[in-house]
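Encoded as structure tokens, the structure appears first; notes follow it.
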2 protein chains.
Amino acid sequence: MARTSIQRPSEARERLLATASDLFYRDGIHAVGVDRIIAEAGVTRATFYRHFPSKEDLVEAYLGVEDANIRGAFAAAEASGAPPQALVGLVIDGLADDVAQHHTRGCPFINAAAEYPDADSAVRQAVDRHRTWFRSELEAVLSAAGTPDPAAGAAQLVLLRDAAMVGGYLDGWERVRPAFLSAARGAAGLA
Amino acid sequence: MARTSIQRPSEARERLLATASDLFYRDGIHAVGVDRIIAEAGVTRATFYRHFPSKEDLVEAYLGVEDANIRGAFAAAEASGAPPQALVGLVIDGLADDVAQHHTRGCPFINAAAEYPDADSAVRQAVDRHRTWFRSELEAVLSAAGTPDPAAGAAQLVLLRDAAMVGGYLDGWERVRPAFLSAARGAAGLA
DNA sequence: CCCAAAACAGACAGATCGTTCTATCCTGGA
DNA sequence: TCCAGGATAGAACGATCTGTCTGTTTTGGG
């Protein structure tokens, strides 16, 4: 059994985070207990609490993964070298593809916020940070493309993406897709 | 049949439902236990289970109340005798006021759906029924006003209302309001 | 080879979950 | 007057929750 990889990030920890992310997203946070997470990850209780002081820390790590994924997608799109005008279109299509393929159970942040009413909680703060970053990122993209009112356009795109996530989950993406794409392109000044 | 038709709404039952609705909406469904509901309603456990066979039934009743409230608001608007064209504007303004005043913690149906991943569950079916009714109601209003494509307009208004609910909760209504109103009026063909 | 860190195994605590139960009171209608 | 049904009061059920604890085994680096 050649275990060659240097497990700096601790393979058990990664398995824990991956399975927990899947369970939290699919079944909701409060509905998933520590027992289920450790059983499905094939890890013992002691190992769990070695890596995460409490379940809350695991929840925050889960949102951190989601946040990192989206930032990575934006970074990749920007690194593609596409001109600013085309980048706006790429971003919108990327958001649509993401909803269609990876986020068919709604937005992880919106769903988490539904379960955490306290606006001062760490989870809600993570949600706020994510949304603030997302809005400013969109604003930067629109601004680079020379859109007349980048702030207003970004605000509209945030709204439309929220709607796409919720509508895709509850009504089906095929029903929401055309309205999202036309409205998003309009908000981005793509005619 | 014979049962005496008095059957008054049982004041305890109404208190139970009102208290639970408030708690479910504010703190989430899974986060609110039966203990808290009966304590806050000033009712005993036995009384609770006399009126609701299980907590699930209470959850469904809660969504039923929300559904009835919105249907009532629509019925009132339609009973106002306003001409179809003006009715569209009244409905949009009514939706905005509702988000601003009564639904500052998001949409009860969206939040409930976030906690119920099983699409076949009674809760999700209630959500589906509500959304289907809402869409067709909007379509009827738009149709009566002579809007070119009522189905597409209604679909867009549903999306925009989802976005308004989520955005109002997470970003603050004042931030969402202008984008919602202009987009909604556009979708309804109000220029 | 040795040792410390990490994972395994699992019992356990204390609380809360939804639900059932028995027993007693209060009230309104026949 | 009698009595059924609604409400009160509270014990108790088993299950599950997060989190702690005591050990034992595995593993990798020096």
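Labels below follow one simple rule: chain letters A, B, ... track the order of the sequence lines, proteins then strands, and each chain is numbered from 1.
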- Item | Sugar-phosphate or base contact per nucleotide [nucleotides 13-25 of chain D; S, B, -; heavy atom under 4.0 Å] | ----SBBBB----
- Message: Nearest whole Å is fine: how far is D/dA7 C1' from B/Glu14 CD?
- Response: 16 Å
- Taking only residues at least two apart or on different chains, which pairs with a member in residues 107-118 of chain B satisfy salt bridge (Lys or Arg N to Asp or Glu O under 4.0 Å)? none
- Distance check: side-chain N/O of B/His51 vs OP1/OP2 of D/dG6, anything under 4.0 Å? no
- Provide the full list of ring pair (Phe, Tyr, Trp, His ring centres under 6.0 Å) pairs with a residue in residues 78-97 of chain A, sequence neighbours left out, each pair given once. none
Could you list the donor-acceptor pairs under 3.5 angstrom formed between side-chain atoms of residues 167-176 of chain B and any protein atom two or more places apart in sequence or on another chain?
from     : atom 1 : to       : atom 2 : distance (Å)
B/Tyr169 : OH     : A/Ala113 : O      : 3.0
B/Tyr169 : OH     : A/Arg124 : NH1    : 2.7
B/Tyr169 : OH     : B/Arg105 : NE     : 3.4
B/Tyr169 : OH     : B/Arg105 : NH2    : 3.3
B/Asp171 : OD1    : A/Arg131 : NE     : 3.0
B/Asp171 : OD2    : A/Arg131 : NE     : 3.4
B/Asp171 : OD2    : A/Arg131 : NH2    : 2.8
B/Asp171 : OD2    : A/Arg135 : NH2    : 3.4

Side-chain donor-acceptor pairs under 3.5 Å in residues 83-93 of chain B, sequence neighbours left out?
from    : atom 1 : to       : atom 2 : distance (Å)
B/Gln85 : NE2    : B/Ala145 : O      : 3.4
B/Asp93 : OD1    : B/Arg185 : NH2    : 3.2

Show every donor-acceptor pair shorter than 3.5 Å between a side-chain atom in residues 53-62 of chain A and any protein atom, with sequence neighbours excluded, or say none if there are none.
from    : atom 1 : to      : atom 2 : distance (Å)
A/Ser54 : OG     : A/Glu56 : N      : 3.3
A/Ser54 : OG     : A/Asp57 : OD1    : 2.7
A/Lys55 : NZ     : A/Ile29 : O      : 3.1
A/Lys55 : NZ     : A/Val32 : O      : 2.9
A/Asp57 : OD1    : A/Ser54 : N      : 3.3

- Message: Tell me the interatomic distance from B/Ile38, atom CD1, to C/dT16, atom P, rounded to whole angstroms.
- Response: 14 Å
- Query: OP1, OP2 of C/dA7 versus side-chain N and O of A/Ser10: anything below 4.0 Å?
  - Reply: yes
- Message: Strictly below 4.0 Å: does B/Thr47 bring a side-chain N or O up to OP1 or OP2 of D/dA7?
- Response: no
- B/Thr19 side chain to B/Arg15 main-chain N or O, any donor-acceptor pair under 3.5 Å? yes
